[in-house]
Amino acid sequence: MMQELLLLGALSVGVYFLLHMTVLKLPRCKATAKLNGKTAIVTGANTGIGKTTAMDLARRGARVILACRDRGRAEAAIQEIVQETGNNQVIFMQLDLGSLKSVRSFVENFLRSESRLDLLINNAGLMNGGKTEEGFGMIFGVNHLGHFLLTVLLLDRLKASGPSRVVTVASKAYSFGKVDFNCLTTHRDLALGSSDYQLFQKYCHSKLCNILFTYELAKRLQGSDVTCYSLHPGAIKTEIGRYSGFWWRLFLNPIIFLFFVDAESGAQTTLHCALEQGIEHLSGHYFSQCAPVLNMESKARDGAVAKKLWELSESFCGLS
């Protein structure tokens with residue numbers, strides 16, 4: 001009996017490692033680009049995929065702005081990145097995407113202190129309940145609206161620094177999402193409810209917004225030297241669900257531990273979209289596993305919805 005249990009255990013471990021070496025193994029970014037003299041902004045860069053992305057860009061010689069809410073965690077990340085890469089051009093700038101006022105302040109500070117912007121990596125994301133400073137649903141406000149305003153306010157600097165890119169981290173979860181304009185205009189949120197499942201639904205809706213935003217942005221950037229891309233990073237171990245309820249974490253944590261991969265793997269498609277040469281004609285496309293996804297669901301390529309979302313976002317941000 002003991003031998004059978006040991007054999008079963010060994011077989012299970014073997015299957016687990018085989019899965020991680022084959023089915024769950026994600027491709028690597030193969031770009032060899034050097035970024036000396038280039039400037040990049042990475043939102044949410046103090047942990048997870050954002051930190052790994054910032055580390056890689058710094059290693060390539062870029063001046064990297066860690067746009068984060070928490071100064072302490074950002075400065076700890078900067079110390080680690082500088083030690084790892086030997087690049088001292090890694091700095092913190094305060095940004096709370098849950099406050100449109102903070103977004104405007106960040107942009108003012110950035111434009112005053114930095115002469116160029118080559119890469120804008122809209123990476124930060126959360127799955128929290130609550131409201132933003134201006135009363136929007138937190139998930140909508142941070143995952144979409146804050147990044148929308150940040151990007152729009154930085155477009156002139158991106159154009160002046162071209163060729164430049166905007167990369168927005170979305171998710172395959174978009175396939176469970178929808179854009180309910182009645183709910184947005186009435187409640188300033190993507191949906192109602194605050195249970196863990198309802199927050200997950202809002203997260204899915206926000207990721208569809210990310211993809212539609214990129215799709216519309218590419219149209220508005222035609223004729224400029226700025227391209228944009230959205231992406232699915234993969235099933236990644238991050239801190240995005242750290243504020244979830246006990247039962248939700250009890251259900252998800254074993255799955256995440258067994259089948260999700262590390263942040264370094266999760267940053268590869270972000271880096272591909274930011275650095276790979278020859279993908280400029282794919283501006284507006286959605287990528288997964290370092291390749292464009294050409295069979296998108298129709299709701300992610302609905303031009304009318306994308307345009308309406310853009311115009312509503314402009315209105316919410318006081319731009320129109």
Give a yes or no answer on whether the side chain of [X] reaches the backbone of [Y] with a donor-acceptor pair at less than 3.5 Å.
X      : Y      : value
Lys202 : Gly193 : yes
Ser164 : Leu158 : yes
Arg165 : Cys273 : yes

Flag the pair [X] and [Y] as a salt bridge only when some basic side-chain nitrogen lies within less than 4.0 angstrom of an acidic carboxylate oxygen.
X      : Y      : value
Glu108 : Arg104 : no
Glu80  : Lys51  : yes
Glu134 : Lys101 : no
Glu264 : Arg28  : yes

Inset, instruction - Identify, with sequence neighbours excluded, every residue that meets salt bridge (Lys or Arg N to Asp or Glu O under 4.0 Å) alongside Arg59. - result: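 Arg59 satisfies salt bridge (Lys or Arg N to Asp or Glu O under 4.0 Å) with Glu84 only.
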Legend entry - salt bridge (Lys or Arg N to Asp or Glu O under 4.0 Å) partners for Arg188, two or more places apart: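 Arg188 satisfies salt bridge (Lys or Arg N to Asp or Glu O under 4.0 Å) with no residue once adjacent residues are dropped.
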Rounded distance [0.5 Å steps], [atom1] in [X] versus [atom2] in [Y]:
X      : Y      : atom1 : atom2 : value
Lys178 : His205 : NZ    : NE2   : 5.5 Å
Leu66  : Glu75  : CG    : CD    : 10.5 Å
Asp189 : Ile139 : CG    : CD1   : 7.5 Å
Ser230 : Met296 : OG    : CE    : 6.0 Å
Ile41  : Leu57  : CD1   : CG    : 12.0 Å

Inset, instruction - Dump the intermediate steps for side-chain contact (heavy atoms from CB on, under 4.5 Å) on Val167 and Asn123, then the final yes or no. - result: CA-CA 8 Å; Val167 179; Asn123 163 83; over 6 Å; no
Inset, instruction - Name the orientation class of the two ring planes belonging to Phe106 and Phe110 (parallel below 30°, tilted from 30 to 60°, perpendicular beyond 60°). - result: parallel
Inset, instruction - Fit a plane to each ring of Tyr197 and Phe200, take the angle between them on a 0 to 90° scale, and name the class: parallel (under 30°), tilted (30 to 60°) or perpendicular (over 60°). - result: tilted
Answer with yes or no whether the hydrophobic clustering places [X] together with [Y]; edges join I, L, V, M, F, W, Y residues whose side-chain heavy atoms lie under 4.5 Å apart.
X      : Y      : result
Val42  : Leu126 : no
Ile211 : Tyr215 : no
Phe140 : Leu150 : yes

Would you indicate whether [X], at its atom [atom1], is surrounded by more than 12 heavy atoms from other residues, nucleotides or ligands within a distance under 6.0 Å?
X      : atom1 : value
Lys131 : NZ    : yes
Phe181 : CZ    : yes
Lys299 : NZ    : yes

Examine the side chains of [X] and [Y] and answer whether a donor and an acceptor come within less than 3.5 Å of each other.
X      : Y      : answer
Thr168 : His147 : no
Ser102 : Asp96  : no
Thr151 : Asn122 : yes

Legend entry - Verdict with supporting geometry, Leu95 and Met93, side-chain contact (heavy atoms from CB on, under 4.5 Å): CA-CA 6 Å; Leu95 173 64; Met93 289 184 68; over 6 Å; no
Legend entry - All pairs passing ring-ring contact (aromatic ring centres under 6.0 Å, His included) where residues 266-309 contributes a residue, at least two apart: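 Residue pairs with at least one partner in residues 266-309: Tyr174-Tyr286, Tyr229-Phe287, His272-Phe287.
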Inset, instruction - Taking all heavy atoms of Ser161 and all of Asp118, pick out the closest pair and write down the distance. - result: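 Between these two residues, the closest heavy atoms are O-OD1, 3.7 Å.
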